[in-house]
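The figures that follow rest on heavy atoms only: side chains count, while hydrogens, waters and symmetry mates do not.
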Amino acid sequence: MDRRAFLKLAGGAAGVTAGAHIAAFAAKPSPDPLQLRIQTARFRIRDAVTENMVSTAPDAPPPVLRVKQGDRFVADVINAMADPTAMHWHGIRVPNKMDGVPYLTQWPIIENETWRYDFTVGDAGTYWYHPHCMTMQQMALGLTGLFIVEEQRDPGFDGETALNLRDFRLGKDGQFLKLYSARKAARGGTLGTVMTANWQQDPAYDHKSGSLVRLRVGATDTTRIYRLSIEGADGKIIAMDGHPVREPVAWPTENAPLVLGAGQRADIALVMPAQEGKTVVLKHHSGMRSRTLATLRSVGQPFKRNLNELAALPSNEVPDVDLGSSELIELLLGWSPDGLKPNNGLCGSLGYTFWSINRKPWPGDAVKDIGPIAELKLGKSYVLRVRNESPNIHPIHLHGLVFRPLRSNQRKLPSNWMDTITLLRNEVVDIGLVADNPGNWALHCHVIEHQKTGLAGYIRVS
């Protein structure tokens with residue numbers, strides 16, 4: 001694709017201002033840019049040091065990025081690798097040209113090139129960042145990190161732990177196995193062999209006995225659907241996908257776990273046990289098996305706090321959908337027509353096409369004349385009816401906008417603001433949104449093997 005074709009594709013947002021959630025904050029002087037150098041890394045996850053990882057440091061995971069709501073975030077992403085890259089700020093409603101999707105919003109960042117991202121962060125909450133070029137390869141090798149936007153007013157927590165949940169496909173020697181298989185890409189996706197939190201197996205974090213702790217949990221894996229429980233503490237879920245809950249979410253237990261698909265996040269307020277040495281355990285459940293992901297330990301004399309002492313999280317500025325004037329758009333997720341091969345572009349493909357949206361698989365990067373799967377008018381309300389006709393689970397992520405579930409044909413869903421929704425087998429979900437952020441916005445499954453084999457497209461807001 002030449003530059004003229006790229007500008008035509010990416011030009012839907014030209015001359016239109018960003019959403020109110022960004023424009024509401026006064027422009028601030030540019031801070032010194034954060035340097036994020038994408039490079040090969042090595043790190044001890046099991047008994048041996050794992051080589052050929054990808055991170056922003058040679059010997060550490062990608063850092064937790066932290067800013068205040070309303071702050072200006074400036075980062076220079078430097079590509080020190082042979083493969084191209086690009087950085088997407090998952091869940092953060094940024095201006096379209098800052099969204100980090102090659103050929104849709106920017107060029108790929110090639111070897112030894114630097115790309116500056118510069119935007120004001122309008123929404124508080126827990127978000128994350130990952131590459132959107134060579135996505136399967138670089139994410140599976142480690143390039144995912146949490147991005148925390150702190151509220152302008154402190155809610156009153158005594159401490160915080162942020163957990164980046166993700167798999168690695170490692171053999172007994174601690175080195176990478178094949179990252180995916182075509183057979184599994186055509187089904188649920190390829191699971192890792194080692195489950196980690198912050199690149200560690202069952203890490204432990206100390207907090208004062210009886211204190212109020214904010215647990216931020218992000219599912220940044222390429223495939224896994226987490227089914228989480230919390231044992232040993234009282235608490236409540238206060239935000240999903242970064243946004244304070246509008247409707248309550250049940251406390252996660254073994255019998256009724258919290259389901260987080262790839263890409264989703266949860267913020268949890270909990271009271272640490274009053275007795276020193278007691279623990280709070282985050283577990284994942286799969287069938288009859290459970291696995292501890294992380295532990296919080298009570299230390300010191302008790303604080304004697306309770307949940308009622310916390311201030312309610314202030315809502316982010318999200319215009320609510322007007323169901324009386326909304327337009328219905330149907331999106332069908334399913335198999336791909338046979339015989340199609342994707343284009344590699346600079347950002348690679350897996351070499352197969354298995355999945356599609358509305359029977360049209362994403363043909364790969366840098367393909368000319370690919371239109372949007374839907375065209376939305378700026379400021380108008382829409383209901384997207386997302387139908388999963390497959391037997392596999394699909395966490396569907398929409399860039400640049402947020403939505404809330406309205407109804408499902410299988411279950412009762414809390415109608416909270418989200419950017420990623422996990423569709424069950426044969427589930428049909430209506431989601432409502434206001435098209436308040438102009439541009440071409442990617443919509444795709446966050447099982448990356450599904451995304452890279454056809455289950456992707458984009459929505460145009462103009």
Side-chain angles (χ1 to χ4, degrees), residues 12-13 18-19 21-22 88-96 98-101 104-105 122-123 125-130 132 135 147 218-220 240-243 260-265 316 318-321 326-333 355-358 360 362 371-388 393-406 408 413 415-423 427-448 450-451 454-462:
H21 61 283
I22 297 172
H88 170 57
W89 317 98
H90 183 117
I92 302 177
R93 295 185 291 162
V94 297
N96 192 243
M98 295 289 113
D99 197 44
V101 181
L104 199 63
T105 70
D123 295 330
T126 302
Y127 306 96
W128 64 293
Y129 60 101
H130 66 82
H132 231 282
T135 315
F147 191 124
T220 78
M240 294 295 297
D241 281 6
H243 296 269
L260 284 188
Q264 294 188 292
R265 293 88 60 211
N316 292 319
V318 181
D320 203 358
V321 57
S326 63
E327 179 182 338
L328 177 66
I329 296 175
E330 299 209 31
L331 300 175
L332 176 64
L333 316 179
W355 301 96
S356 67
I357 299 177
N358 291 343
K360 294 181 179 179
W362 182 249
I373 56 177
E375 297 197 52
L376 281 53
K377 296 298 183 184
L378 186 64
K380 184 176 172 60
S381 290
Y382 292 87
V383 174
L384 306 185
R385 179 161 292 161
V386 189
R387 184 184 303 272
N388 178 17
I393 296 176
H394 298 292
I396 300 300
H397 173 50
L398 175 59
H399 292 217
L401 304 166
V402 293
F403 54 81
R404 61 183 181 90
L406 302 174
S408 163
L413 289 170
S415 195
N416 295 315
W417 293 114
M418 312 173 76
D419 56 69
T420 307
I421 185 166
T422 299
L423 269 70
E427 186 174 25
V428 182
V429 176
D430 286 357
I431 61 175
L433 60 85
V434 176
D436 68 333
N437 199 3
N440 293 325
W441 299 109
L443 182 146
H444 61 87
C445 181
H446 233 286
V447 173
I448 303 302
H450 294 171
Q451 173 199 339
L455 216 169
Y458 72 95
I459 286 175
R460 174 169 292 161
V461 177
S462 61

Any Arg385 side-chain heavy atom under 4.5 Å of Val428 side chain: yes

Lys380 atom NZ, over 12 foreign heavy atoms within 6.0 Å: yes

Euclidean distance, Leu443 CG relative to Leu455 CG, rounded to 0.5 Å: 8.5 Å

Heavy-atom pair of closest approach, residues Trp417 and Asp241: O-CB, 4.3 Å

Between Thr420 and His90, a side-chain donor and acceptor under 3.5 Å: yes

Nearest-0.5 Å distance that lies between atom CZ in Arg404 and atom CD1 in Ile431: 11.5 Å

Arg265 side chain vs Thr126 backbone, donor-acceptor pair below 3.5 Å: yes

Straight-line distance of Leu332 CG to Lys360 NZ, nearest 0.5 Å: 12.5 Å

Heavy-atom side-chain proximity of Asp436 to Leu401 below 4.5 angstrom: yes

Intermediate values then yes/no, side chain to side chain contact (heavy atoms under 4.5 Å, CB included), Val318 and Arg93: CA-CA 11 Å; Val318 181; Arg93 295 185 291 162; 3.6 Å; yes

Where Ala262 and Pro395 come nearest, the two heavy atoms and their spacing: O-CB, 3.6 Å

Non-hydrogen atoms of His132 and Thr135 that approach each other most closely: C-OG1, 3.3 Å

Heavy-atom check, side chain of Leu384 versus side chain of Phe403, under 4.5 Å: no

Closest approach of Ser381 to Asp320 (non-hydrogen atoms, all atoms of both residues): OG-O, 4.4 Å

CH2-CG distance between Trp441 and Leu104, expressed to the nearest 0.5 angstrom: 9.0 Å

Whether Trp89 and Tyr129 hold their rings parallel, tilted or perpendicular, with breakpoints at 30° and 60°: tilted

Side-chain heavy-atom pair Val402, Leu433 within 4.5 angstrom cut-off: no

Nearest heavy-atom neighbours spanning His450 and Cys445: ND1-SG, 3.6 Å

Asp99 and His88, any side-chain heavy atoms less than 4.5 Å apart: yes

Nearest-0.5 Å distance that lies between atom CD1 in Ile393 and atom CG in Leu423: 9.5 Å

From Ser408 atom OG to Ile421 atom CD1, the distance as rounded to the nearest 0.5 Å: 8.0 Å

Under 3.5 Å: donor-acceptor pair, side chain of Asn437, backbone of Gly400: yes

Heavy-atom check, side chain of Met240 versus side chain of Leu260, under 4.5 Å: yes

Student check: side-chain heavy atoms of Ile459 and Ile373 closer than 4.5 Å: yes

Distance flag, aromatic centroids of His446 and Trp128, threshold under 6.0 Å: yes

Side-chain (Asn96) to main-chain (Asn440) donor-acceptor, under 3.5 angstrom: yes

Phe147 vs Ile92, side chain to side chain contact (heavy atoms under 4.5 Å, CB included): CA-CA, chis, key distance, verdict: CA-CA 9 Å; Phe147 191 124; Ile92 302 177; 3.6 Å; yes

Side-chain heavy atoms of Tyr458 within contact of Trp362, under 4.5 Å: yes

His397 (side chain) donor-acceptor with Asp419 (main chain) under 3.5 angstrom: yes

His444-His399 aromatic ring centre distance below 6.0 Å: yes

Minimum heavy-atom distance Ser326-Val383, with the two atoms named: OG-CG2, 3.6 Å

